[in-house]
Amino acid sequence: MKQKIIIVSHCLLNVASKVVMYEEKDMEAEEDLRKRFIKKAVDNGIQIIQMSCPEFTLYGPKRWGHVSEQFDNIFFRNHCKKILIPIINQILEYKNNPDRFEILGIVGIDGSPSCGVDYTCTGKSWYGCITGRDDKVMDIVHDVSLCKSEGILIQVLRESLMECGLTDIPITSLFAEEPNKCLDLVDE
Ligand code: SF4
């Protein structure tokens, strides 16, 4: 029987890499789905490859939450490309042995400016020094929202997969409001 494999965003297995979050209700819903997803994958004998976290490996654990516009630059994209090389190489090697392995897909994290697949967060005025903007800070915070678009790591991942001719790998995401997107991927 073939070994089934999924590739996941780093924090799907290691939430210590995430930006510190304060919205407990959102965190609980995501955490609940994360546990269900991992349990289902493990129970079904599916192997898990963990991508690197592009934000932790650039900014560490004390970073602020970002929006995708901040990461939409050549430096962040190059960083994503670099940390994806070992992942792409592993996918290629498993694909080179199709009698033994099956790549089921890739799972990102909706809402993330990096790993969002169907949704990322956007905020056009989310930049600069906070001091001196006292009266506008809350306007800027409220300007941040979810939008239907991919995060930057996922964009670079798609490009890297295309360059290698890997066009048939489904990419989906963990999103508490649409749990079946990720759970269906690890069905038996
Ligand atoms: S950048 Fe991706 S892997 Fe890192 S914490 Fe955000 S969603 Fe998770």
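For ligands, and for the atoms within them, numbers begin at 1 and follow the listed sequence.
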- Looking only at protein heavy atoms, which one is nearest to atom 8 (Fe) of ligand 1, and how far off is it?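 The answer is C11 SG, 2.3 Å.
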- Query: Considering only protein heavy atoms, which is closest to atom 4 (Fe) of ligand 1, and at what distance to one decimal place?
  - Reply: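 That would be C53 SG, 2.3 Å.
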Atom indices of ligand 1 within 4.0 angstrom of [X] heavy atoms, with elements:
{"X": "R63", "answer": "5 (S)"}
{"X": "K18", "answer": "5 (S)"}
{"X": "S114", "answer": "1 (S)"}
{"X": "H10", "answer": "3 (S)"}
{"X": "I109", "answer": "7 (S)"}
{"X": "C115", "answer": "1 (S), 2 (Fe), 3 (S), 7 (S)"}

- Query: Can you find a pair of side-chain heavy atoms, one from I83 and one from P54, that are under 4.5 Å apart?
  - Reply: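 Yes - at least one pair of side-chain heavy atoms lies under 4.5 Å apart.
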- Task: State, without any angle test, whether T120 and E150 hold a side-chain donor-acceptor pair at a distance under 3.5 Å.
- Result: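 No, because no side-chain N or O of T120 sits under 3.5 Å from a partner of the opposite role on E150.
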- Message: For S173 and K181, which I'm curious about, is there any donor-acceptor pair between the side chains at under 3.5 Å?
- Response: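 Yes - a donor-acceptor pair under 3.5 Å links their side chains.
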- Item | Aromatic F101 / basic K4 pairing, under 6.0 angstrom, 45° off normal |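 So K4 doesn't make the cation-pi contact.
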[X] atom [atom1]: more than 12 heavy-atom contacts under 6.0 Å:
{"X": "E177", "atom1": "CD", "result": "no"}
{"X": "K62", "atom1": "NZ", "result": "no"}
{"X": "Y59", "atom1": "OH", "result": "yes"}

- Task: Answer side chain, backbone, both or neither: which part of S112 comes under 4.0 Å from ligand 1, heavy atoms only.
- Result: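 Within the 4.0 Å criterion, S112 contacts ligand 1 through side-chain atoms alone.
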- Task: Using a 4.0 Å heavy-atom cut-off, say whether H66 meets ligand 1 through its side chain, its backbone, both or neither.
- Result: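 Neither; nothing of H66 gets under 4.0 Å from ligand 1.
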